[in-house]
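Shown next, in structure tokens, is the structure this report addresses.
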Amino acid sequence: MGNIVAIVGRPNVGKSTLFNRLVGNRKAIVADFSGITRDRHYGNSEWNGREFSVIDTGGFVAGSDDIFEAAINSQVKIAIEEADVMIFMVDVEEGITALDKSVANLLRRSKKPVMLVVNKVDNHDRMHSSSEFYGLGFDKMFTVSSASGSGTGDLLDEVVANLPPVDENAEEVEKERLPRIAIVGRPNVGKSSLVNALLGEERNIVTEIAGTTRDTIDTLYNGYGHKFLLIDTAGIRRKAKVKEDIEFYSVMRSVKAIEDCDIVVLVIDATVGIDSQDINLVHLAETNSKGLVVLVNKWDLVEKDHKTSTEFEKVVRKKLEPFTDVPIVFTSALTKQRIHKAIEMAMLVYENRTRKIPTRKLNDVMLAHIEAYQPPAIKGKYVKIKFITQLPGQSPKFAFFCNLPQYINDSYKRYLENKMRESFDLHGVPITIFMRKK
């Protein structure tokens, strides 16, 4: 299960700075929701061997104080419902504000772990001033300077200690478990229709399995020679009244679904095309090493000639760069056109993701490519790659052992990745390449 840590609090208390520090140099994904809110960020973090997603609940439309408070409170409520741990940030320079009290009241009632974090504590006087925040009624308080990073280690120890425990039997279950396919995409692209089209006639061979959250239902699909769990994130519209909440819910659900699945089926609307929010979901699938299939839905509504799908596909691939080795299927949930082709593709990508390449074959093929085009020399030093092996895990990760790993640049890594894609069937699957010292 993916674990979510949400950073909540008033604007300008330093949430984004803390977020950037937690996510570190991992690629943070910035979701800009068409002007409704300022940027919202989500990314992956890891501490003491535990991985989790961090969501910075971002800024708001400036409005009157009442609108402002209502907006913050609604966001805190969503975070309470969706996150496993909340980091509640306040600012030592400003002391306790009315808005801090309002947020604190909501959080105290949530029964979920809350870490109260007093930011900008970077000298002795401020350390002394921070004690007033005990007045907000939380047992544990952390003083940090998110700009310099002081205090964040203790905070992270506590965050990780409060994540749900790791299931000791998870690995055994992992071996027997079914492929998990998540259907994600922006609201109104036709995710529900797609799920209904898939499950429609096969209702008799579908079993509902209680979802982990109230709105994502894992459905067992068993038909046409395939058996998998379908994670449907479509049921979010009825929850929220405000458009902003729908967008935020949509993202939280998608983040969770992507973390918990094997294959991401990204549904885009043929009449709208692929936009920045779709690209964010692609990056999230990529950073989490999940397989990916792009489904262009509502294809029945597009005026076509013999070139249309080729042109559309070109545009999509251009936007997906550098991860372009992805199946793109044109469907219509309404007419059920190519729905089963989409499932075939998802299962094919699942096989590619779980493929284990024998070490000997890997070395025979890749060392020949390396011989044909060697890493460029840096400062007169030549890099020699001697041995390649696939690392254990649920997605294709490879270690290339060499004498000077620090001298291998990104463009050479891309060359290696392209050659691996040409030589082994890894269509639809992100590849991770590590350079190790031999």
For the pair [X] (side chain) and [Y] (backbone), establish whether a donor and an acceptor sit closer than 3.5 Å, ignoring hydrogens and angles.
{"X": "Asp154", "Y": "Phe142", "result": "no"}
{"X": "Arg126", "Y": "Lys120", "result": "yes"}
{"X": "Asn20", "Y": "Thr17", "result": "no"}
{"X": "Asn123", "Y": "Asp125", "result": "yes"}
{"X": "Thr287", "Y": "His283", "result": "yes"}
{"X": "Ser45", "Y": "Leu22", "result": "yes"}
{"X": "Lys319", "Y": "Ile279", "result": "no"}
{"X": "Lys112", "Y": "Ala83", "result": "yes"}
{"X": "Ser110", "Y": "Leu106", "result": "no"}

By side chain to side chain donor-acceptor pair (under 3.5 Å) - contacts of [X] (at least two apart):
{"X": "Lys356", "result": "none"}
{"X": "Gln390", "result": "none"}
{"X": "His226", "result": "Glu344"}

Show the atom names and distances, to 0.1 Å, of all donor-acceptor pairs under 3.5 Å that link a side chain in residues 155-163 to residues at least two apart or in another chain.
| residue | atom | partner | partner atom | Å |
| --- | --- | --- | --- | --- |
| Asp157 | OD1 | Trp47 | NE1 | 2.7 |
| Asp157 | OD1 | Asn48 | ND2 | 3.3 |
| Glu158 | OE2 | Lys140 | NZ | 2.7 |
| Glu158 | OE2 | Asn162 | ND2 | 3.2 |
| Asn162 | ND2 | Glu158 | O | 2.8 |

Heavy-atom check, side chain of [X] versus side chain of [Y], under 4.5 Å:
{"X": "Asp91", "Y": "Asn119", "value": "no"}
{"X": "Val8", "Y": "Leu107", "value": "yes"}
{"X": "Leu292", "Y": "Phe323", "value": "yes"}
{"X": "Met86", "Y": "Phe88", "value": "no"}
{"X": "Val302", "Y": "Val296", "value": "no"}
{"X": "Phe133", "Y": "Thr143", "value": "no"}

Distance only, no hydrogens: is a donor on one side chain within 3.5 Å (strictly under) of an acceptor on the other, for Thr97 and Asp100?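 Distance-only check passes for Thr97 and Asp100.
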
Regarding Asp300 and Ser332, is there a side-chain donor-to-acceptor distance under 3.5 Å anywhere?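 Yes, side-chain donor-acceptor contact under 3.5 Å.
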
Just jot down the side chain to side chain contact (heavy atoms under 4.5 Å, CB included) partners of [X], sequence neighbours excluded, or say none.
{"X": "Ser289", "result": "Ser395, Lys397, Thr432"}
{"X": "Tyr134", "result": "Ser131, Met141"}
{"X": "Ser129", "result": "Val92"}
{"X": "Pro327", "result": "Val293, Met345, Val349, His427"}

Are [X] and [Y] close enough for a salt bridge, meaning some N to O gap below 4.0 Å?
{"X": "Glu313", "Y": "Arg317", "result": "yes"}
{"X": "Asp260", "Y": "Lys256", "result": "no"}
{"X": "Arg421", "Y": "Glu417", "result": "yes"}

Crowded around Lys318 NZ? As in, over 12 foreign heavy atoms under 6.0 Å?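 No.
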
Shortest non-hydrogen separation from Phe52 to Val54 and the atoms involved: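 Looking at all heavy atoms of both residues, the shortest contact is CE1-CG2, 3.7 Å.
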
For Gly291 and Arg353, work out which heavy atoms get closest and say how close.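 So the two residues come closest at N-CD, 3.7 Å.
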
Under the salt bridge (Lys or Arg N to Asp or Glu O under 4.0 Å) test, which residues partner Glu94, sequence neighbours left out?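 Partners of Glu94 under the salt bridge (Lys or Arg N to Asp or Glu O under 4.0 Å) test: Arg10.
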
Quick one: salt bridge (Lys or Arg N to Asp or Glu O under 4.0 Å) partners of Arg355, sequence neighbours excluded?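 So Arg355 forms no salt bridge (Lys or Arg N to Asp or Glu O under 4.0 Å) with any residue.
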
What residues form a ring pair (Phe, Tyr, Trp, His ring centres under 6.0 Å) with Phe330, not counting sequence neighbours?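 Per chain and number, Phe330 pairs via ring pair (Phe, Tyr, Trp, His ring centres under 6.0 Å) with Trp299, Phe312.
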
Listed by chain and number, what are the ring pair (Phe, Tyr, Trp, His ring centres under 6.0 Å) partners of Tyr412, not counting sequence neighbours?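 If we apply the ring pair (Phe, Tyr, Trp, His ring centres under 6.0 Å) test to Tyr412, skipping adjacent residues, the hits are Tyr373, Tyr415.
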
Nearest-0.5 Å distance, CD1 of residue Ile357 to CG of residue Leu426: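 Reported value, rounded in 0.5 Å steps: 5.0 Å.
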
As an exercise, state the distance from CD1 of Ile181 to CE of Met347, rounded to the nearest 0.5 Å.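 So the gap between those two atoms works out to 5.5 Å.
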
